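Below is one structure, written out as structure tokens, with a few remarks after it.
The shown structure was predicted, so the numbers you read here are calculated from the model rather than taken from an experiment.
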Amino acid sequence: MAAELTTHQLIAAHRPTLDQALEAIRTRAYWSPHPEHPKAYGEGGSLDMAAGKAAFDALLGTRLDLGQPGTDDFVGGEVSPYGIELGVEYPHADLDVLLPAMKAGQKAWRDAGAEIRAVVCLEILKRISDRTHEFAHAVMHTSGQAFMMAFQAGGPHAQDRGLEAVAYAYVEQVRTPDTAEWTKPQGKRDPLALTKQFTPVPRGIGLVIGCNTFPTWNGYPGLFASLATGNAVLVKPHPRAVLPLALTVQVARDVLGEAGFDPNLVALAAERPGEGIAKTLATRPEIRIIDYTGSTEFGDWLEANARQAQVYTEKAGVNTVLVESAGDYKGMLSNLAFSLSLYSGQMCTTPQNLLIPRDGIRTDEGPKTFDEVVSDLARSVDGLLGDDARANALLGAIVNPDVKARVEAAAGLGEVALASREIVNPEFPGAVVRTPVVVKLDGAKPDDEAAYMSECFGPVSFAVAVDSAADAVELLRRTIREKGAMTVGAYTTDEEVEQAVQEVCLEEAAQLSLNLVGGVYVNQTAAFSDFHGSGGNPAANSALCDGAFVANRFRVVEVRREA
């Protein structure tokens, strides 16, 4: 295939962005090449909001033929959490045909080298960025995120995470030089001299198993980390969230072909309703890398059974916020209310357990009893979500019936401090929208422990009464160690308590946010600066993104010759 994108063009267009990304991961300072504001995308042109919505609407009811080898059927069935049938059909693959075709292009991709692979990946991301409005609607109508969140988290933030993975992949591959001249003195004899060549080689085909809630944000790191390190990538989306990743595969295949590489280096594996192909794919010998986001149960199964592959999992945990004292009581309540409400708590980083001393806390407004803290938090959530239009914009829609069932069952677990209410979305009457529920539990009661020590994914939180700050710290430690945590938060004005919480998080490898009262929330992380997960507790065996996330996706092979 004749290349339409030359090496020179790609390097000239994207090397400056790659260099800025490399500097950003070195300094951890704020940086993003992808604007968060919708109006930054071609207002009045082909990239603006109206054009993006029109492009999404044009996809509905169509067949997305990607031109993949081994297509034996077309499958679909996605229904938006907002009540719309998407009606898009995707290629269903005969794996015995598709997987060998994917491997065929790896040699040329390997030989291209780290820089070329990186700039090709950046061209893919650039084209996705140009279609951010279209992708936002695709994410919204598969995940249930409200539009602005789908736009930001599913667009620029996801693209940032993909670019971050490319930057880390590049760093790890160029750590070893391409060649070296090796000379060892031998005294009076001639020295020993060798020329050595070092080549990063891919492990094989990477499998990305997508999630329902954040198909692009959670999918892009693994996809681009594997592709940038020379591997072909097979994308297996969640059956309820195929469209965003199918569009991603389509863009990637177009760019690879135009750059002179085999488009089959990236392919889609859609499934028939109820087919459940993830286990079949995960244990195929051709699959050498797996990226998975989802339930702990299946993540544990992958780690135990996909023995031929390097497995990266982000599973689930019980995220905890310890409330010992507050220097800005109103700011704390406002921050927590937003954290509990955002996307109906359907984030792996949303706080679940709020550990509060039963004798109350010290605040800048005077002492507050346990009941007062919980009641004030409930009022803060009510105030935030009191206007239905604002509530819909924050909550989005409940992503599946299991979440709805958990919200309804939570009221039977203890005293309800904040009841969940149903909200109607006038634009999408079919959407299931629920406000958060907060239930009071006693940390000393075994029956209550069964509730708060289990993950309850969705807009459900437990205010857990503990005997003291020391007890809260020990319960925090046990929760992280036994159940894992993607995030930990703490509010305290006591230096000793702060140090104790920090020590627990260092020892148990959990990411900690202290005394957040402004516009940064415990359930949000920024690419190039924050680490999402640590890989050091049961919630995830990897972090987004660090050197460990990319370095084992390739190996370095050495060829030695006599000089």
Side-chain angles (χ1 to χ4, degrees), residues 146 318-323 326 329-347 349-358 360-361 363 365 368-399 402-425 431-443 445 447-466 472 487 489 491 516-517 521-523:
V318 175
N319 300 319
T320 301
V321 175
L322 186 153
V323 181
Y329 186 61
K330 282 189 172 61
M332 177 189 79
L333 294 175
S334 176
N335 193 281
L336 283 174
F338 190 93
S339 296
L340 300 182
S341 303
L342 185 62
Y343 185 32
S344 300
Q346 298 171 125
M347 304 172 70
T349 50
T350 300
Q352 175 179 305
N353 293 345
L354 310 174
L355 309 184
I356 307 168
R358 66 179 76 252
I361 68 171
T363 81
E365 299 183 8
K368 300 285 184 180
T369 66
F370 172 86
D371 286 339
E372 285 176 325
V373 174
V374 180
S375 296
D376 289 345
L377 177 60
R379 275 192 291 273
S380 189
V381 174
D382 271 341
L384 178 68
L385 303 177
D387 176 75
D388 282 3
R390 177 177 171 83
N392 276 308
L394 276 175
L395 296 170
I398 296 297
V399 71
D402 292 341
V403 175
K404 180 173 178 282
R406 282 192 286 271
V407 174
E408 293 169 348
L413 298 174
E415 180 186 346
V416 177
L418 175 65
S420 176
R421 69 183 180 93
E422 183 176 351
I423 293 178
V424 173
N425 186 320
V432 176
V433 185
R434 298 288 187 276
T435 62
V437 56
V438 178
V439 178
K440 293 182 186 178
L441 296 176
D442 191 325
K445 292 183 178 179
D447 287 349
D448 286 2
E449 180 176 316
Y452 66 74
M453 285 294 280
S454 300
E455 188 205 7
C456 196
F457 184 75
V460 179
S461 292
F462 302 115
V464 182
V466 294
T487 56
Y491 290 91
L516 297 182
V517 295
Y521 305 94
V522 67
N523 40 352

To the nearest 0.5 Å, tell me how far [X] [atom1] sits from [Y] [atom2].
X    : Y    : atom1 : atom2 : result
F370 : R358 : CZ    : CZ    : 8.0 Å
L395 : S341 : CG    : OG    : 6.0 Å
F338 : L516 : CZ    : CG    : 12.5 Å
S334 : Y521 : OG    : OH    : 6.0 Å
L336 : L384 : CG    : CG    : 11.5 Å
K368 : L377 : NZ    : CG    : 13.0 Å

Task: Side chains of N319 and N353 in contact at under 4.5 Å (non-hydrogen atoms) - done: no

Task: Contact check, side chains of L385 and P436, non-hydrogen atoms, under 4.5 Å - done: yes

- [ ] Any chance you could lay out the side-chain contact (heavy atoms from CB on, under 4.5 Å) test for V323 and I361, step after step, and finish with the verdict?
- [x] CA-CA 8 Å; V323 181; I361 68 171; 3.9 Å; yes

Open item on the list: Show, in sequence, the C-alpha distance, side-chain angles and deciding distance for K404 and E408, and conclude whether the salt bridge (Lys or Arg N to Asp or Glu O under 4.0 Å) test is met.
Closed with: CA-CA 6 Å; K404 180 173 178 282; E408 293 169 348; 2.9 Å; yes

TODO: Work out which heavy atom in R406 is nearest to a heavy atom in C456; give both atom names and the distance.
DONE: CD-SG, 3.9 Å

Open item on the list: Give me the atom names and distance for the closest heavy-atom approach of Q346 to V399.
Closed with: OE1-N, 2.8 Å

Task: Sequence neighbours excluded - side chain to side chain donor-acceptor pair (under 3.5 Å) pairs with any residue from residues 376-398 - done: Y329-D376, D376-R379, D388-R421

Open item on the list: Applying side-chain contact (heavy atoms from CB on, under 4.5 Å) to V374 and L418, what does each step give before you reach the verdict?
Closed with: CA-CA 9 Å; V374 180; L418 175 65; over 6 Å; no

Task: Distance flag, aromatic centroids of Y452 and F462, threshold under 6.0 Å - done: no

Open item on the list: Quick one, K440 with D371, criterion side-chain contact (heavy atoms from CB on, under 4.5 Å). Give me CA distance, side-chain angles, the key distance, then yes/no.
Closed with: CA-CA 9 Å; K440 293 182 186 178; D371 286 339; 2.9 Å; yes

